[in-house]
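In what follows, a structure is listed as structure tokens, so that the remarks can point back to it.
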Amino acid sequence: MKIATYNVNGINGRLPVLLRWLGEAQPDAVCLQELKAPDERFPLAAIEAAGYGAVWHGQKSWNGVAILARGAKPVETRRFLPGNPDDTQSRYLEAAVNGIILGCLYLPNGNPAPGPKWEYKLDWFGRFARHAADMLKTGLPVILAGDYNVMPGERDVYKPERWTDDALFRPEVRAAYAGLIDAGWTDALRHLHPEERIYTFWDYLRNAYGRDAGLRLDHLLLAPAIAPRLRTAGVDRHVRGWDKSSDHAPVWITLAKP
DNA sequence: ATGCCCGCTTGCAGCGGA
């Protein structure tokens, strides 16, 4: 089974790129972020024509998350992160696919730091960590996949010293991410490739992709109930080089049969 | 320190992204 996460940066603007990648990569389940579209503008017909069922949680202009499953409709289990009923941003969606619980997240960027956006990021991360802890207690096969907007370590940044004060790399968010790992979650790509430089994002500016000035922001975290099934993991970085591409590339893992 | 690029908008310039 192949599971992927992809920040599409506008699902309608990127639809040709998304469909081309789905046809090429043939993932069984996909978490999408940054739909940048309200619910009624989700391109369901095109997704279904490509062979995928979908659940989604959209929002006008910004944010928005979706979960796709090949040949099936994901069974939605949650569409808000618990703990703050006033939070209206569409950044979390959870569904069961093929016996696995998939949490699809788009963690806030948090820049500029300090400031209200930074505070929102820390609050969101705290709520996410509490929900992740609750999910661990269930003992279920859970995967939390998405754009975490955190580079977990030095080797996840092309030039770490330039990013020390940035909301994506400040000690607070790196510590929050490390806390997830300490709690028992497995960072799939880092687990299988402990020393490699791995990037999942290249800025549109300054020819970042051409210079390979990238960041690793998109992660798949596996609960202990499913981590032993992990086989391979990678980044489809060539997709970032396609015309009209997102600034993120798709990230994927494969799992052995249960 | 800013713009560089990109998609989005009760749109044609401003915002958010990372």
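Below, chain A is the first sequence line, B the second, and so on; all start at residue 1.
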- [ ] Check every atom of dC6(B), dT9(B), dC4(B) against the side chain of Arg14(A) and return the nucleotide holding the closest atom.
- [x] dC6(B)
Distance check needed: [N] [atom2] versus [X] [atom1], whole Å only.
| X | N | atom1 | atom2 | value |
| --- | --- | --- | --- | --- |
| Asn12(A) | dC8(B) | CG | P | 7 Å |
| Asn207(A) | dC4(B) | CG | C1' | 11 Å |
| Arg206(A) | dT2(B) | CZ | C1' | 10 Å |
| Lys60(A) | dT9(B) | NZ | C1' | 8 Å |

Open item on the list: Run the side-chain hydrogen bond (donor to acceptor under 3.5 Å, both in side chains) test against Glu196(A) and tell me which residues pass, sequence neighbours left out.
Closed with: His193(A)
Task: Distance-only donor-acceptor check, side chains His248(A) and Asn9(A), under 3.5 Å - done: no
Task: Side-chain H-bond candidate by donor/acceptor type, Gln33(A) with Asp147(A), under 3.5 Å - done: no
Using the [atom1] atom as the point on both nucleotides, what is the distance between [M] and [N], in whole Å?
| N | M | atom1 | answer |
| --- | --- | --- | --- |
| dG7(B) | dC12(B) | C1' | 14 Å |
| dC6(B) | dT10(B) | P | 23 Å |
| dG3(B) | dG16(B) | C1' | 16 Å |
| dG17(B) | dC4(B) | C1' | 14 Å |

Open item on the list: For Arg162(A), I'd like to know if atom CZ has over 12 heavy atoms of other residues, nucleotides or ligands within 6.0 Å.
Closed with: no
- [ ] Verify the contact: side-chain N or O of Arg41(A) to OP1 or OP2 of dT9(B), cut-off strictly under 4.0 Å; return yes or no.
- [x] yes
- [ ] Tell me whether the centres of the aromatic rings in Tyr148(A) and Phe125(A) are closer together than 6.0 Å.
- [x] no
- [ ] Could you tell me whether Trp163(A) and Phe169(A) have their ring centroids closer than 6.0 angstrom?
- [x] no
Task: dC12(B) glycosidic torsion: syn (within 90° of 0) vs anti - done: syn
Task: Contact list for residues 234-258 of chain A, test salt bridge (charged side-chain N to carboxylate O under 4.0 Å, His left out), sequence neighbours left out - done: Asp212(A)-Arg237(A)
Open item on the list: Go nucleotide by nucleotide along DNA chain B from the 5' end; which of Ser61(A) and Phe201(A) gets its closest nucleotide reached first?
Closed with: Ser61(A)
Task: Along DNA chain B (nearest heavy atom to each residue), the more 5'-positioned of Pro108(A) and Gly13(A) - done: Gly13(A)
TODO: Could you encode protein contacts along nucleotides 11-17 of chain B as a string, one character per nucleotide from 5' to 3', using B for base contact, S for sugar-phosphate-only contact and - for no contact, with a heavy-atom cut-off of under 4.0 Å?
DONE: ----BBB
